[in-house]
Amino acid sequence: MDNRDNLKQNMIYNEQFKYDGLNPMQQKAVFATEGPVLVLAGAGSGKTRVLTHRFAYLVEERGVSPYDILAITFTNKAAREMKERVEDLLGNYYRGLWVSTFHSACVRILRMEIDKLDFKKNFVIYDTMDQQVVMKECLEELDLDREMFQPRIVLGKMGRAKDQLIGPDRYASEFGDDFLNKKISELYGMYQDKLKKNNALDFDDLIMKTVQLFQTNPMVLHYYQNKFKYILVDEFQDTNMAQYVLISLLAKEHGNLCVVGDDDQSIYGWRGADIRNILGFEKDFPDSRVVKLEQNYRSTKSILDAANMVVANNMDRKVKKLWTDNQGGEIIQCYQGNNEYDEANFIASTIEKLNYEENRPYSQFAVLYRTNAQSRVIEEMLMKNGIPYRIYSGVRFYDRKEIKDILAYLRAVENPADDVSVKRIINVPRRGIGAKSMSRFEKYAEANSESFFNALLNVNKIQNQSRVEAQTNKFTDLIMSLREKRNEMTVTSIVEKIYEDSGYIDALLAEDKIEAESRIENLKEFLSLTQDFDENAEEKTLDGFLARTSLETTMDEDGDDMNTVSLMTLHGAKGLEFPVVFISGMEEGIFPSYMSIQENNEEEERRLCYVGITRAKERLYISHAVQRTLYGRTNQNAISRFIKEIPEGLIDIDKPYDRKKEVRKMQTSPLFTGAMMHQKRKSKHSLDPNRIKAGVKVKHPKFGVGTVVSVAGEILTIAFVDAGIKKISSEFVKLEITE
DNA sequence: TGCAAATGCTTTTTT
DNA sequence: AGCATTTGCA
């Protein structure tokens, strides 16, 4: 349907029912526009509807400009969805609304104002990897033991300090002035200096620096206080102290702050989220109104009851009772697998069964797990069964080596002072500039307190090897020439020029390896991203492109139009819902995780379980394995405590003696017998396993000729001449060896 | 001096 | 899968 028709349709609908369709509590939350409001919104209570209607109500009934509303969501995807729904409600398209994540909003502010903090406006954003690089440098310079001061740990502590707006100077006094903490505070200071020099901010800085900006520049603060007449914050239970201070500062002028959250869904304590923000809101804002949304519209009664029973085991929570008018529905099915493959097989065959028997499209299913590492086996099994799936993992497309390399080039072009990026690519592809040359450049830069790139420009004063000098000049020429023209060029054309002139693609081609081919594929894929940016971005500059890429994750991607099963971590599932949900790996040590038990974080894990259960609308399957191999270690894990917290009447726990029954049941289901036949047919096709190994050339009935890249059990990764790289199960497809 | 291959290690959750 | 470290070669 035409978009316009869609809008019109909505407008007619809206005129009549826009606010009538809300229940009395939801209406209360929507109409309470003035002053501080705390909306305690249980899972599935129509929170998003309330937020979007409140936005629309402010604009339509209160005459507020949509640009004077600041709405904070947890992910970029949620922000996009909120924008769309608000636009639908208002029947209008708006450009540049302030509907975004904390981080994106801060970037937007800082990109206009950060010169007041003595940064340049085109600052880059360092991700976790970049942080590690900088921290390692600091450790080296202070000559500290990498074991005692693991970069990851130190960065974690530093990050938590930033969440609480504690700078390097205050670090030791706040966290203890023993040797360890003193050193960490020293590292912290050094790290911040380096970032400043590189004109870079990390994720936590984005928040902290914005607060700092407001605290040191009353005029700037006043401007934004005035601008944002109404503030909405979603997922408030997951805000940290810095974010809380930021919001409080902004809301001071008008006081119209509406926060929405659910203390039972607070799952980001490890990232500095402070549950006290929501528990103490009424104290901090004494004149605040509280609206509780307790009717759940999402799940069946069985699922909701189970979730309530589990979370009731937590002590530290606001009292609330989530209820539903929905039917009881099926009780929860719990499957005990022999191992992780058995478990995955249960998941795959159940999906197949429901897809066949109940005609459910694949998009109705989600498989949730505690850690990303658990996805692999499930993925394999889905693939083997020909079930389309999509992984929403925390790992970004942008985290691939080749993409990070290209981004480093782009950052270097935008900001040659970014030492981390310049150092990353100075010898990628190989230019014959090794460790020795590097340290010479570093020394020179250090001695003259210049950037590393400046040292490269002065290569003739540092190096007398003509080869190194020539290569270095070639590199700096490329960067400088692109830098000069970057405002006239599209991002795509800049990237293409880098691909060619840096020799990056040539080097990959020369490698003549399958791996290199897939990297080239990814680089091509990257071009379609830049093209999309060049066409659609609001601010079509290289600077704008970089700001966006560093904040977008795969969690933010839309896969709605695809008919695929969704695979994601329990954290990633927050805010989403699916008709059928699988929670896998329900074992002690996995979920709750070993670490959380050690650190006494049981309650947060339980909330995570609550989040998982409440994602399900109609059916919930829980599974665990008697034996599991993870990170190369085989363990026998006890059944998760959370399973035991679900009362007997709500869950069908698959006892060992029941399993035969289960197997019989499955064998008689038409789909399963079909699958079995399928399997038999296949085994005829299977090749002599001894002959299949990396490098062997094979022929596939559909994809044609290709080369085996890797073998993992029966899953083969094959690079086809025409079809590109595919993963194929040797059991399922007739492959011929052609050599 | 630079580089490629081999080996060992790592992993909770993410903006 | 990707990283750091080591080793051997040119």
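First the proteins, then the strands, lettered A, B, ... as listed; each starts at 1.
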Take the protein atom [atom1] of [X] and the nucleotide atom [atom2] of [N], then report the distance between them rounded to whole Å.
X: Ile72(A); N: dT15(B); atom1: CD1; atom2: P; value: 15 Å
X: Lys136(A); N: dG2(C); atom1: NZ; atom2: C1'; value: 11 Å
X: Leu155(A); N: dT13(B); atom1: CG; atom2: C1'; value: 17 Å
X: Gln374(A); N: dA1(C); atom1: CD; atom2: P; value: 18 Å
X: Arg607(A); N: dT13(B); atom1: CZ; atom2: C1'; value: 13 Å
X: His571(A); N: dT11(B); atom1: NE2; atom2: P; value: 18 Å
X: Leu110(A); N: dT15(B); atom1: CG; atom2: C1'; value: 15 Å
X: Arg606(A); N: dT13(B); atom1: CZ; atom2: C1'; value: 17 Å

From C-beta outward on [X], which listed nucleotide comes closest to its side chain: [options]?
X: Arg519(A); options: dT15(B), dG2(C), dT13(B); value: dG2(C)
X: Thr101(A); options: dT14(B), dT15(B), dA4(B); value: dT15(B)
X: His103(A); options: dT15(B), dT12(B), dC3(C); value: dT15(B)
X: Thr371(A); options: dT12(B), dC3(B), dT15(B); value: dT12(B)

Exercise for review: Answer with yes or no after comparing the ring centroid distance for His571(A) and Tyr268(A) against a 6.0 Å cut-off, counting only values under it.
Suggested key: yes
Exercise for review: With salt bridge (charged side-chain N to carboxylate O under 4.0 Å, His left out) as the test, would you mind laying out the steps for Asp418(A) and Lys423(A) before giving the verdict?
Suggested key: CA-CA 9 Å; Asp418(A) 180 357; Lys423(A) 283 180 196 169; over 6 Å; no
Exercise for review: Please tell me which of Asp204(A) and Gln150(A) maps to the more 5' nucleotide of DNA chain B, matching each residue to the nucleotide holding its nearest heavy atom.
Suggested key: Gln150(A)
Review point. Which sits closer to the 5' end of DNA chain B, Asn76(A) or Ser596(A), going by the nucleotide each is nearest to?
Key: Ser596(A)
What contact category does [X] fall into here, base, sugar-phosphate, or nothing, at under 4.0 angstrom with non-hydrogen atoms?
X: Ser593(A); value: base
X: Glu599(A); value: base
X: Arg152(A); value: sugar-phosphate
X: Ser437(A); value: sugar-phosphate
X: Tyr594(A); value: nothing

OP1 or OP2 of [N] versus the side-chain N and O atoms of [X]: is any pair under 4.0 Å?
X: Asn240(A); N: dT15(B); value: no
X: Lys574(A); N: dT13(B); value: no
X: Lys436(A); N: dT1(B); value: yes
X: Arg431(A); N: dG2(B); value: no
X: Asn427(A); N: dG2(B); value: no
X: Arg440(A); N: dT1(B); value: yes

Practice item. Evaluate the salt bridge (charged side-chain N to carboxylate O under 4.0 Å, His left out) criterion for residues Arg606(A) and Glu603(A): first the C-alpha distance (whole Å), next the side-chain angles of each, then the deciding distance (0.1 Å), finally the verdict. Key: CA-CA 5 Å; Arg606(A) 188 174 284 108; Glu603(A) 296 216 341; 5.1 Å; no
Practice item. Go through the steps to decide whether Glu141(A) and Lys194(A) satisfy the test salt bridge (charged side-chain N to carboxylate O under 4.0 Å, His left out), and finish with yes or no. Key: CA-CA 12 Å; Glu141(A) 281 174 42; Lys194(A) 278 188 192 286; 2.7 Å; yes
Review point. Only one of Ile72(A), Asn277(A), Thr73(A) forms a side-chain contact (heavy atoms from CB on, under 4.5 Å) with Val233(A), so which one is it?
Key: Ile72(A)
Practice item. Among Arg271(A), Gln265(A), Lys574(A), find the residue that satisfies the side-chain contact (heavy atoms from CB on, under 4.5 Å) test when tested with Asp238(A). Key: Lys574(A)
Review point. Looking only at side chains, do Gln627(A) and Asn339(A) share a donor and an acceptor under 3.5 Å apart?
Key: no
Exercise for review: Could you work out the separation of dT5(C) and dT11(B) based on their P atoms and round it to a whole Å?
Suggested key: 14 Å
Check your understanding: Can Trp270(A) be called stacked on dT12(B) when the rule is centres closer than 5.5 Å and an angle between planes below 30°?
Key -> no
